[in-house]
Amino acid sequence: MNLKSTVLISIFIIGFVEVFCQEMTNQFSSETDTLLIKTNRIKGFGGFNFGGGFLEFQDTTNLFNYPINLPKPLTNVLGIRIPVDFKSELDYIDIIKGQLPSEKVVMIVDQNNNHSFMDETSFSLQPIDWYSSENSIPVTFLVSNGVETGQHQSWIRIGSWNSDIIYGRDEYLSASIFIDDKNFEVGIIDQPLSGSFTYGLNPEIALLSSELGKKDSIKVNDLIKKGEYLQLNDFYFKFDSINNNGSILRLVKENSFDTKTGIQVGMLAPEFEFKSTAGDIVNTSNLHDKPIIIANSCACGGDTKSSQAYFEIREIYQTNAYVLRLDSFSENQQDNWTINMEDEFNKDSDIMYRREYCSTICYVIGQNQRILDKFMITDWQTNLPDLLKN
């Protein structure tokens with residue numbers, strides 16, 4: 001082998017080792033533009049909010065693709081298979097529910113994923129604990145990272161809520177990142193996929209700790225969606241992507257955050273034209289003589305608090321700010337600042353500032369056109385007074 005070939009191979013090996021070590025240790029230089037970050041599954045939800053969905057059990061006949069023996073003396077047995085990845089039939093979390101002679105309802109989870117319920121311990125169905133992982137159940141499953149399949153361990157929560165049974169993964173992703181001599185911890189969740197163990201639908205990242213301290217709870221304005229920007233000291237990094245099982249996070253440095261338009265705090269707020277329920281057509285570009293409050297409200301699930309919060313905000317701040325209400329109405333309320341999301345004319349405002357039918361997020365836009373804050377509308381008494389002093 002000649003000298004030139006030896007040098008090229010050496011350069012390749014050094015480069016490969018450097019990238020590999022960066023991925024494994026999450027150590028980077030401030031000159032690095034792309035951060036490939038290894039994450040870890042953490043039990044519980046940390047400062048995030050636990051999310052779950054409803055379980056609907058069914059007859060076990062032909063449910064499982066393997067023969068099962070049902071533990072005695074369990075009767076009235078029903079089962080469910082919950083996909084580990086909603087896009088794949090690769091693996092499932094298998095659960096059965098039954099009744100003991102005492103009429104007590106118990107559940108059994110195939111925790112070790114060996115396609116048997118005989119070697120597992122049953123547990124009684126208790127009210128869901130939204131705030132504690134004390135009763136979390138460890139599970140083992142197969143999931144793909146997008147290239148290859150591997151076995152993983154995590155946790156789930158199961159419990160009753162009213163007359164329903166709630167199920168959700170009891171984990172978030174965490175990564176410790178070192179940039180030069182500074183350390184940051186970030187956390188990642190994907191609430192819409194809370195029933196699976198993948199992170200590809202609507203992942204959100206938040207800074208959990210830095211040299212400034214550790215956050216005990218994560219608020220709406222802390223959550224950065226994919227495509228938005230995470231600030232790590234003096235640098236902004238775009239949340240570019242995360243692989244299927246959440247094991248590798250990709251952040252890309254952004255040097256012109258101040259020019260970006262979006263609904264992230266600090267960005268230039270998107271302008272839009274809307275038609276009020278009174279029939280007026282207004283462009284927000286003409287409203288920058290005062291701050292603008294965009295208040296989402298919703299009656300989903302019988303919610304009345306978000307609507308009440310809007311009326312309270314308007315009562316107090318309508319002189320000092322433009323207070324716009326975004327909602328969907330079966331009967332249009334005649335109002336100059338109320339925007340009906342069911343009106344096709346208001347599609348742009350729906351896409352920009354509502355995004356979800358049941359949104360209750362409130363945005364505050366400064367006279368400099370930048371997003372000053374965003375929060376749950378019911379938290380307005382905590383957030384608005386310091387932003388908009390009478």
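Just the heavy atoms: all of them, side chains too, but no hydrogens, waters or symmetry mates, feed the values below.
- A cation-pi geometry, defined here as NZ or CZ lying under 6.0 Å from the six-membered ring centre and within 45° of its normal, holds between K290 and Y322.
- Contact annotation: the side chain of F274 never approaches that of D348 to less than 4.5 Å [non-hydrogen atoms, C-beta and beyond].
- Side chains of T277 and Q334: no donor on one and acceptor on the other come within 3.5 Å.
- With hydrogens and angles ignored, the 3.5 Å screen pairs a side-chain donor or acceptor of N283 with a backbone N or O of S285.
- K43 places no side-chain N or O within 3.5 Å of a backbone atom of P138 that could act as its donor or acceptor partner.
- For residues 292-313, the side chain to side chain donor-acceptor pair (under 3.5 Å) pairs, not counting sequence neighbours, are N296-R354, S297-R325, S297-D327, D303-S306, S307-R325, Q308-E312, Y310-R314, E312-W380.
- The number of heavy-atom neighbours closer than 6.0 Å to CG of D216, taken from other residues, nucleotides and ligands shown, is 12 or below.
- Remark: the backbone N or O of G159 is not paired with any side-chain donor or acceptor of Q126 at under 3.5 angstrom.
- A side-chain donor-acceptor contact under 3.5 Å links D119 and N114.
- Taking the six-membered ring for Trp and thresholds of 30 and 60 degrees, F50 and F45 have ring planes more than 60 degrees apart, a perpendicular arrangement.
- Electrostatic pairing of D280 and K275 does not count as a salt bridge here, judged by no charged N lying under 4.0 Å from a carboxylate O.
- Between the side chains of D335 and T338, a donor-acceptor pair is found at a separation under 3.5 Å.
- At least one side-chain heavy atom of L326 sits under 4.5 Å from a side-chain heavy atom of Y353.
- With Y172 as the aromatic partner, R41 does not meet the cation-pi criteria of under 6.0 angstrom to the ring centre and within 45 degrees of the ring axis.
- Scanning both residues, A269 and T261, for their nearest heavy atoms gives C-CG2, 4.2 Å.
- At distances below 3.5 Å, not a single donor-acceptor pair connects side-chain atoms of E356 with backbone N or O atoms of C358.
- At a threshold of 4.5 Å between non-hydrogen side-chain atoms, the residues L207 and L232 count as touching.
- No more than 12 heavy atoms of other residues, nucleotides or ligands shown are found within 6.0 angstrom of CG on N62.
- Cluster membership for L125 and V139, using ILVMFWY side-chain heavy atoms within less than 4.5 angstrom, is shared.
- Aromatic pair Y236/Y229: ring centres not closer than 6.0 Å.
- Hydrophobic clustering (ILVMFWY, side-chain heavy atoms < 4.5 Å, transitive): I177 and I242 are in one cluster.
- Following chains of ILVMFWY side-chain contacts shorter than 4.5 Å, one cannot reach F48 starting from Y199, and the two form parts of different hydrophobic clusters.
- No side-chain donor-acceptor contact under 3.5 Å links T198 to the backbone of G200.
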Apply side chain to side chain contact (heavy atoms under 4.5 Å, CB included) to L384 and I293, showing your working. CA-CA 10 Å; L384 278 179; I293 301 173; 4.2 Å; yes
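- A pairwise comparison of heavy atoms in S328 and E342 identifies CB-OE2, 3.6 Å as the closest pair.
- A donor-acceptor contact shorter than 3.5 Å links the side chain of R157 to the backbone of S132.
- Between the side chain of N346 and the backbone N or O of S349 there is no donor-acceptor pair closer than 3.5 Å.
- Looking only at side-chain heavy atoms (C-beta outward), E315 and I313 stay at 4.5 Å or farther from each other.
- Contact annotation: the side chain of I248 never approaches that of N145 to less than 4.5 Å [non-hydrogen atoms, C-beta and beyond].
- A 4.5 Å side-chain heavy-atom check between F272 and K347 finds every atom pair outside the cut-off.
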The test is side chain to side chain contact (heavy atoms under 4.5 Å, CB included); show your working for W155 and S133 and say whether it passes. CA-CA 9 Å; W155 306 265; S133 297; over 6 Å; no
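- Taking the ring axis of F239 as reference, the NZ or CZ atom of K225 does not stay both within 45° of it and closer than 6.0 Å to the ring centre.
- I294 and V323 fall into different hydrophobic clusters, where Ile, Leu, Val, Met, Phe, Trp and Tyr residues are linked whenever their side-chain heavy atoms come under 4.5 Å apart, directly or through other members.
- Heavy atoms only, all atoms of each residue included: Y317 and L388 are closest at CE2-O, 3.2 Å.
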Stepwise side chain to side chain contact (heavy atoms under 4.5 Å, CB included) test for T140 and Q151: CA-CA 7 Å; T140 300; Q151 181 171 282; 3.5 Å; yes
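- A salt bridge links D222 to K215: one of the charged nitrogens lies within less than 4.0 Å of a carboxylate oxygen.
- Of the possible polar contacts, one joining the D91 side chain to the L142 backbone as a donor-acceptor pair under 3.5 Å is found.
- In the hydrophobic cluster analysis, where Ile, Leu, Val, Met, Phe, Trp and Tyr join through side-chain heavy atoms closer than 4.5 angstrom, I377 is grouped apart from V220.
- Panel note: side chain S276, backbone A278; a donor-acceptor pair is recorded below 3.5 Å.
- Inter-residue side-chain proximity for K97 and L55 is flagged as unmet; no heavy-atom pair is nearer than 4.5 Å.
- Across every non-hydrogen atom of P270 and M352, the tightest pair is CB-SD, 3.6 Å.
- Considering I82, N244, I93 as possible partners of F197, the one that fulfils the side chain to side chain contact (heavy atoms under 4.5 Å, CB included) test is I93.
- Residues Y167 and I128 fail the side-chain proximity criterion, which asks for heavy atoms closer than 4.5 Å.
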D110/F117 under side chain to side chain contact (heavy atoms under 4.5 Å, CB included): CA gap, chis, key distance, verdict: CA-CA 6 Å; D110 180 14; F117 297 100; 4.0 Å; yes
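- Judged by distance alone, with hydrogens and angles left aside, the side-chain atoms of D190 form a donor-acceptor pair with the main-chain N or O of L201 at under 3.5 Å.
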